[in-house]
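Below, all heavy atoms of this structure are taken into account, side chains as well, without hydrogens, waters or symmetry copies. For this chain, numbers begin at 1 and follow the sequence in order.
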Amino acid sequence: MVRRPVAWVLALVLFAEALGVAALNWFLGMVVDRQDMSLAGLDPHLMSVSSKIGGIVFGLYFALCGLVALLVALRDRAPAGLGRVLLVSAAVVHGLLGAFVWGLVGRAAFLFMVAVLGLVVLLLVTYDGRFDEPAGPAGTAPEGGPGGDGSPLTPPAAPTAP
């Protein structure tokens, strides 16, 4: 199956992205602090600190999403509850970031965001549960229900008298 490798790859990508986002925001905070320039009267130190805090928060968010993907890979079970909500929110975030980076950064960043979005959606869809049921012949019931032995759901027609 393709489910576990997708979860492993997504976990690795999200952990790398968490480190990258945190490092990028930390670097930008240092640049703003060393420039010692204000933007529309804002305090440069405040902008520097808020950039660093934002980087840490988003880094922890992506790391938490990566942890959910890692747990899915280890357990080979669908994410439930808060984990599913986190992965859905990560898909939405990557969709929005993809739309923004197309114009601001370029095609490569857009393709990365779309690839991560695709991995998250693929993880959520493959662990949906509806695809795990074995396909039986048409007109037969699944195991455990009426006709669970694979017999047709409708009884055979009674013979008619000549």
Side-chain angles (χ1 to χ4, degrees), residues 1-136 142-145:
M1 283 231 129
V2 81
R3 297 184 323 183
R4 279 188 123 166
V6 167
W8 281 107
V9 168
L10 180 63
L12 290 174
V13 166
L14 286 173
F15 285 136
E17 190 174 10
L19 287 174
V21 165
L24 178 66
N25 278 297
W26 194 270
F27 174 73
L28 290 175
M30 288 176 23
V31 168
V32 167
D33 198 28
R34 290 191 179 149
Q35 288 292 321
D36 203 27
M37 296 168 54
S38 68
L39 177 67
L42 294 175
D43 181 27
H45 181 70
L46 180 66
M47 290 190 308
S48 170
V49 170
S50 61
S51 175
K52 291 175 182 177
I53 290 172
I56 291 170
V57 168
F58 274 108
L60 288 175
Y61 167 71
F62 286 134
L64 188 59
C65 292
L67 180 65
V68 169
L70 181 66
L71 290 175
V72 167
L74 291 174
R75 296 177 182 166
D76 198 23
R77 288 192 349 224
L82 181 63
R84 189 166 184 85
V85 170
L86 278 172
L87 288 178
V88 168
S89 71
V92 171
V93 165
H94 281 88
L96 290 172
L97 286 176
F100 287 126
V101 300
W102 175 265
L104 296 175
V105 181
R107 290 184 189 134
F110 171 76
L111 291 175
F112 175 76
M113 290 297 158
V114 170
V116 177
L117 171 65
L119 283 172
V120 173
V121 170
L122 186 61
L123 176 77
L124 290 169
V125 170
T126 56
Y127 277 99
D128 194 18
R130 287 181 268 170
F131 303 108
D132 294 336
E133 299 171 3
E143 293 292 322

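In this structure, V31 and F27 have side chains that are in contact, with non-hydrogen atoms separated by less than 4.5 Å. Looking at P79 and L124, their side chains come closer than 4.5 Å, going by heavy atoms from C-beta outward.
When all heavy atoms of S89 and Y61 are compared, the pair lying nearest together is OG-OH, 2.7 Å. K52 approaches G29 most closely through the heavy-atom pair CE-C, 4.1 Å. Across all their heavy atoms, M113 and E17 have their closest contact at CE-OE2, 3.8 Å. Closest heavy-atom contact between A7 and A73: CB-CB, 3.6 Å. Nearest heavy atom pair, residue G55 against residue N25, reads CA-CB, 3.4 Å. Nearest heavy atoms, V32 versus P44: CG1-O, 3.7 Å.
F62 has its ring centre less than 6.0 Å from the ring centre of H94.
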Distance-only check: which donor-acceptor pairs under 3.5 Å involve side-chain atoms of residues 115-122, not counting sequence neighbours?
none

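Residue F112 places its CZ atom among more than 12 non-hydrogen atoms of other residues, nucleotides or ligands, all under 6.0 Å distant.
A donor-acceptor pair is defined here as one N or O able to donate and one able to accept, closer than 3.5 Å; no such pair exists between the side chain of R4 and the backbone of V72.
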